[in-house]
Every structure is written in C-alpha cells, then in structure tokens.
Amino acid sequence: MIDALGSVGSLLLVGGTSDIAVATARRYLQERPLRVVLAARDTERRSAVAGQLRAAGATVEVVDFDAEDRESPERMVAEATAGGDVDVALVAFGLLGEQEQLAHDPDAVAALAQVNYVAAVVVGTVLAERMRAQGHGTIVALSSVAGERARASNYVYGSTKAGMDAFYTGLADSVAGSGVSVLVVRPGFVRSKMTEGLPAAPLATTPEAVAEAVVAGVRKGRHTVWVPGAMRWVMSGLRHTPRALFRRLPL
Amino acid sequence: MPDRTPAVPLDAAGRSPEPLSGWGRTAPTPALVDRVHDEADVRKVLAEARGRGLVARGLARSYGDAAQNAGGHVLDMTGADRVLDVDLAAAEVEVEAGISLDRLMNLFVPLGMFVPVTPGTRYVTVGGAIAADIHGKNHHVAGSFSQHVQWLDLLTADGQVHRVGPDQDPDLFWATAGGMGLTGVILRARVRMKPIESAQTLVDTDRTPDLDSLMTLLTETDHLYDYSVAWIDCVAKGARMGRSVLTRGRFARRDELPARKQADPLRYSQSVKVSVPDVFPPGLLNVVTVSAFNELWYRKSPKRKRDQLQSIPTFFHPLDGVGAWNRIYGPRGFVQYQVTVPFGHEETMRRVLERISSSGHASFLAVLKRFGEGNPGMLSYPSPGWTLALDIPVVSGLARLLDELDEQVVEVGGRTYLAKDSRVRPELFARMYPRLEEFRAVRARVDPDGVFTSDLARRLEL
Ligand SMILES: Cc1cc2nc3c(=O)[nH]c(=O)nc-3n(C[C@H](O)[C@H](O)[C@H](O)COP(=O)(O)OP(=O)(O)OC[C@H]3O[C@@H](n4cnc5c(N)ncnc54)[C@H](O)[C@@H]3O)c2cc1C
Ligand SMILES: NC(=O)c1ccc[n+]([C@@H]2O[C@H](COP(=O)([O-])OP(=O)(O)OC[C@H]3O[C@@H](n4cnc5c(N)ncnc54)[C@H](OP(=O)(O)O)[C@@H]3O)[C@@H](O)[C@H]2O)c1
C-alpha cells in the first residue's frame, strides 16, 4: 500500500532492465527498502539488475515478460501480483528503432508498433484490471515528447508513443474513483542505453532526473509530468509551429 | 463482452464501493461497506467476502488505515450496539461490539459505573477498544482496555464463534486484544466497569518549565493518582523545550462534592458540540498559528492548582467538544506520531521531541504519559516506559523525518502504536513487536486463507 506519506511498499518494473526503470527503483530505495518485481526478458542484464537492486536493499522478484508475445502480459501481471499487491507499476519497455530502416521495412515497423504500442496498451489494460480489483495502486507510463508532434526524424517511434500516451491519458480518466491512478510521464531526450551513441538533443536529461519526477509525481498524485519541466512549454510551442517551419527545424 | 466496464466494480446488489479513510484523512481506499446489525448479518458478509476479504470498522477513530480494506468488504459495526446484560452488583456489562463508549457512559454513569479505560475521545466502539487494546490516562494503575474484558465472542473465518478470555483460549484472546480486527469479528464482550460515586473528578494541575522537571514530577508522584497525563508545548524551543501542563486526578467521592451537587452526584451531561467546517486550506496550521495558540494555552493554565472539580467531558474528552476537528488540517490530512520508549531511555524521548520541534512541522497536540506494566497482548502497544503522541500535518519531508525517529526508537526497544499508525516501515514494525510471529501463528490457525485483512495488514505485511 502507498502509505499516508506517499511511501511505496512494492514496485513493478515492466521492462525491468530499462535505465529509467532501474533509476526509479534506486530512487525509491533511497527512501526505504521495498519489494521490486522485475518483469523483463530472461537476459544477463536482468540478472545483473536484480543483483544490483538487492544490494541496494530491495527484495527482488523476477518474472518473465516479452512484449512480442501476446500471452505474456496476463501471465506477467498474474505472477507479479501473486506475492502481494503492486503499489506502483512502471511501464518502461520500449524500442527507439532506426528511422532509416523503418522508412522502408514494413516488418520492422510492425515489430516496433507491437512493442511500443500494442504491448504497452495490453499491459495497461491488464494492470488496470488488476489494480481496480485491489482497489489501489498507481500505473506510471513512460511516454515521450516524441509523441507530442511526430517529426520526420522519428515519426514511427513518435506515433507509437502518441498512441500509448492517448491510451494511458484516457485510462487515467476511466479509473477515477476506483482508488487507482495513472501518471503519464513525457521525458525529452534521456541519456540512457536507448539513446547511446546519438547526439544529445537540447534539454537532454538523465534517467535519474526522470526517476525523481516519477517519484514526486506519484507522491503528489499527478496525472502528467514532463521531464525536464520546461519541455512542456517547448512542446506546446512546437505543437503550434506552422508545418512548413516545423519541417525544417533540426529535430 | 460488455462494451464498457465501469471504473468501479459493483457488487451483486448493485452497490458501489465507498472511499474510506481514518481519523487522519490520509490514503483513502474504496471498499464495499456492509452495515451489520447482528451476527446473522456478519455471517452473510463473511460468506460473500472472497478475494479481497473483509475487516470490521467501528467509529473510525483510528488514525490510519486499520479499518480500511481496499477492493474488499468493510463491516460497519456501529449498528450492532445493544446492551445484552447488566450486573449492577458486579459492575459488569455485556454488550454488542458496535456500541460506543459515549453510549456506555450515557447509560451507566448515572448508575455509578464508568468505562474501565477511556481514550481521549468517547467516540470509539467497544470492538475498536479491544482490537486496538486502547489505553487511557489510568494505564499506570489499571492497564489497558482488554484487561477489563472478561470474555468476548469472536466470529472467525470458518464461521465459528469462539468465546475467548484470559482463561479461555488465551492465545486467541491475546491475539485479538490489540490484533486490529485481523483474527475475526468481535461480536460481543463482557466488560468490567469501574464503580464511581460521582460523575466529577478531582484534578490537580501542575505547570512545568521543561521536560526534565516534567519527567521527574511524573516519576515521583504519578502513583498517587488514578489518572495522569501531560500536554507538552512542542513548539517551544531551547530552555523552554518540553514546557508542559500536567493534569492528574481521580473520581470524587460523593462526600467530596459541594452540597448542591451531592443530591444528584452521578448527573452526567456532555457539553454542546461545535463542528469544524470542511473548508480549511492546507498550510493553515503553520508554526506561527500553532506557537501563538500554545503560548496562550500555557500561560492560561494555572501554575499549580489542587482538587479542582472537573466534569467527565472536561477532564477526559476535551476535544470531543469540537466535532470533526480533524478537518482543521486541510485536505492533505495528518498523521499522529505516537511512540513509547522504555524507562531509562529518556534521552531518546527528548531527542524525538527536539527533532520534531526543530523541524518546524508544527504539532497541535503533544501528549506525554507514563505507562505501567504491559499485558500478554501479542500486538498490544503499552509497555513500561514513556509514551509520546503528536499530531503532524502531512508536509513533504515528513516521511524521512519519522523514519529516522523510528530508527532511534526501535534501537532502544521502543515502538509505535498501530491504532495511530499510517506510515511505519514494515521491517521496523517487526522489530518493534517481537511477538509478531506468535500473532501470525494464531492467525494462521484461525484464518489460514487470510480472509480477515485490511490496508494496514497489507501495508505492514502482518
Ligand atoms: C481524538 C482521539 C483520541 C484518542 N486517544 C486515544 C488514547 O488516549 N488511547 C488510545 O489507546 N487510543 C486513542 N485513540 C485511538 C482510538 O482509541 C482507537 O483507534 C480505537 O481503536 C478507535 O475505535 P473505533 O471504534 O473508532 O475503531 P476503528 O478505528 O473503526 O477500528 C480500529 C480497529 O479496530 C478493529 N475493529 C473495530 N471493531 C471491531 C470488531 N467489532 N471486531 C474486530 N475488530 C474490530 C478495526 O478492524 C480496526 O483494526 C484516540 C483517537 C482519537 C481520534
Ligand atoms: N531514452 C530516451 O531518450 C527516452 C525518452 C522518452 C521516453 N523514453 C521511454 O522510456 C522508456 C524507458 O527507456 P530507457 O531510456 O530506459 O531505455 P532502455 O534502457 O533502452 O530501456 C528500454 C527497455 O525496453 C526493453 N524491451 C525492449 N524490447 C522488449 C521486448 N520485446 N520485451 C520486453 N522488454 C523489451 C529492453 O529490455 P531488454 O533488456 O530485454 O532488451 C530495455 O531494457 C521507453 O519506453 C522509452 O521509449 C525514453
């Protein structure tokens, strides 16, 4: 249960090896020991992350999750909640994709849409159902500023984020009164393994900063946060930029 | 498949869950509330409650989430409030668990019986009083509420009613006393009341300038009084830290009353209630307003006064004069931090008080009391030592501060009180209550599937 002062007892990381997810767990662990469920593919990185979080004071459980497997979300949520309620679930899996390739490869587009959109909304549906039944909990969805206005440089990724963002924003309204809440997080460019090797965009931030915003947003019961906060105004400006100009911006 | 799922699942009768919280108004969660009037009603809910289980709720005067059960059932016991038997000679009453101490006083003070233990409010049920094993200003001489219970009837998960007491299945009795509703539903209890000759108390008041002099005075003279409690000004700093007003007393004998009161010595009436409107903005209760109030209150109290006649409400339940005063803390709510530390660790108590005073997290109320012996209750709170209770509005940074204080308290063998708790760390709680495993064993015996559960039970992994 999230307690009277907003402290969290159990955290589910869907996409448990994501840099942002790990930073979020670490940030929570600075406050208190807690139960962390890592839902991820069975990889060496997953074992390494489990070890690191244990060392940082967490009670870690590991469950399998593969976003390309239609059956996986139900199984994952059932296993993740078998040992007790989940207070906060962070939906953190995702792929950036290579825009060059995506422009010409329908299979790659379908695969990206499956992971970033289809799996994200299936997971959201299953999580929400479970949390409604338990009568409490917060779902945190990692969306992206890229979904605000898709750009030539990553419109496939942007479109998947726009879709999942719309889903979770609507989900937030649909669970009102059930004890459950949904927080949509829209980071800008984050220096994580997803963006490794890419030139940093303006207002680039870190997984730790996103983690800080997640923890604060959950504690305050917010529905949307931008990271960094200024992104909100930048994107609001960009959204209204005339198309001819927007197309020529180096984004 | 229906094309639209309602956000909130409805039960078979079409009822929807209601958001519930405790006195501190923090962390509300929805549950199906069943208003029960007798054993048959309780049984019906027990048969229905699958999955998320159920828990009893009295008058919801516990501060945190003890009487909440997210996504499950909550039994509102206040409709089961009949008096079943009275033995005037033995001063015993047999009642249904939903009856309030307020009602017991209205009925029995005029007959010369007072409740054996009363908390700072009379709006608690007998079920809640047993489940939290509550203590009052007389703990140092009378122990806690459950020590005045001859037996109780407990409906457990298997649908059986067990009559338990200190000498009938004592394990189940002492798991239920202080067990926060997690062993089953207390249906009825037989309670030994306190015979009184009058409805008036004789009260001595002492003002002490600091914590040391307060503790010394309490140690030396508490045994002379049936009832004792000190109110501390938490905002005063430095040399004045811990300045307090100590009030101690006992019930007056009839011949000690002024002549005009002797004709009707047991006359009992409560003062009129004024309610606090639900409009207080957060942050109203800041250090400035609180310190001004505290200064006034300390100056207004007599430095030393003896044998002052006070009514029951004035002496025992001053806060009940203001209805719903918990709203004064605004929509974010508040927590009550109540801890006890064993005798010999006064330094820890001082540090707790100092840290809270210097944090600027204003506390409206701070109460210090000396506990007497504990009892066999497995999760029962009182144990020999000092107990301090303070209300603190929810502000950022509070979680960390209280976690740190808990560490210091647990280090010296102290503990926090479940009836007040809404935020203690589960693993620290387990260290505070070394008999938790025994409690779990009893619960596993009578409720192996954990049908009785609550937000508190889930939060603390009880
Ligand atoms: C202003 C104020 C002053 C207080 N002062 C004191 C004090 O001086 N000393 C002290 O000890 N406490 C004090 N308290 C706390 C209070 O006495 C306890 O929280 C008490 O348990 C409240 O009783 P309730 O009927 O409101 O129970 P609730 O708050 O509704 O429930 C408390 C617990 O009892 C369980 N319960 C209730 N009824 C039953 C039943 N029939 N069967 C099984 N379980 C049941 C619930 O499941 C829950 O776990 C104070 C509270 C307030 C608001
Ligand atoms: N980095 C940014 O600039 C940025 C900006 C805005 C939003 N976001 C979003 O934030 C979230 C977290 O990103 P991050 O920065 O932390 O990147 P990251 O470290 O690369 O994390 C993404 C995770 O997704 C997992 N994943 C990929 N495909 C999967 C599949 N089929 N099944 C299960 N898991 C799969 C990966 O797990 P494996 O270990 O199994 O590969 C990986 O750990 C993502 O949704 C991302 O879109 C990132």
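Side chains are part of it too, since the values below use all heavy atoms of this structure and drop only hydrogens, waters and symmetry mates.
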What are the two closest heavy atoms between A:G217 and A:V225, and how far apart are they? CA-CG1, 4.4 Å
Anything under 3.5 Å between a donor and an acceptor, one on a side chain of residues 402-410 of chain B, the other on a protein residue two or more places apart or in another chain? List them.
from   : atom 1 : to     : atom 2 : distance (Å)
B:D403 : OD1    : A:R32  : NH2    : 2.9
B:D403 : OD1    : B:R423 : NH2    : 3.1
B:D403 : OD2    : A:R32  : NE     : 3.0
B:E404 : OE1    : B:R355 : NH1    : 3.2
B:E404 : OE1    : B:R355 : NH2    : 3.2
B:D406 : OD1    : B:Y337 : OH     : 2.8
B:D406 : OD2    : B:R423 : NH1    : 3.2
B:D406 : OD2    : B:R423 : NH2    : 2.8
B:E407 : OE2    : B:R425 : NH1    : 3.2
B:Q408 : OE1    : B:R351 : NH1    : 3.1

Note: vs chain B, highest number of non-hydrogen pairs under 4.5 angstrom among A:G135, A:G179, A:G6 is A:G135
Can you name the closest pair of heavy atoms from A:D69 and A:R75 and give their distance? OD2-NH2, 3.6 Å
Quick one: what part of B:E427 sits under 4.5 Å from any heavy atom of chain A, side chain, backbone, both or neither? side chain
So side chain to side chain donor-acceptor pair (under 3.5 Å) across residues 113-128 of chain A, not counting sequence neighbours, yields A:N116-A:T160
Side chain to side chain donor-acceptor pair (under 3.5 Å) pairs touching residues 53-66 of chain A, sequence neighbours excluded, are A:R35-A:E61, A:R46-A:D64
Based on non-hydrogen pairs under 4.5 Å, which of A:G9, A:P33, A:S10 is most in contact with chain B? A:P33
Per-residue contact mode, B:V424 against chain A (heavy atom under 4.5 angstrom): backbone
Residues A:M1 and B:A70: closest non-hydrogen pair is CE-CB, 4.3 Å
Quick check on the interface: out of B:G72, B:A27, B:S422, B:P28, who has the most heavy-atom pairs with chain A under 4.5 Å? B:S422
Distance-minimising heavy-atom pair for B:A132 and B:M180: CA-SD, 3.8 Å
Report, by ascending residue number, the residues of residues 51-59 of chain B in heavy-atom contact with chain A at a distance under 4.5 Å; give 'none' if the set is empty. B:R52
A side-chain contact here means heavy atoms from C-beta on lying under 4.5 Å apart; do B:R459 and B:P426 qualify? no
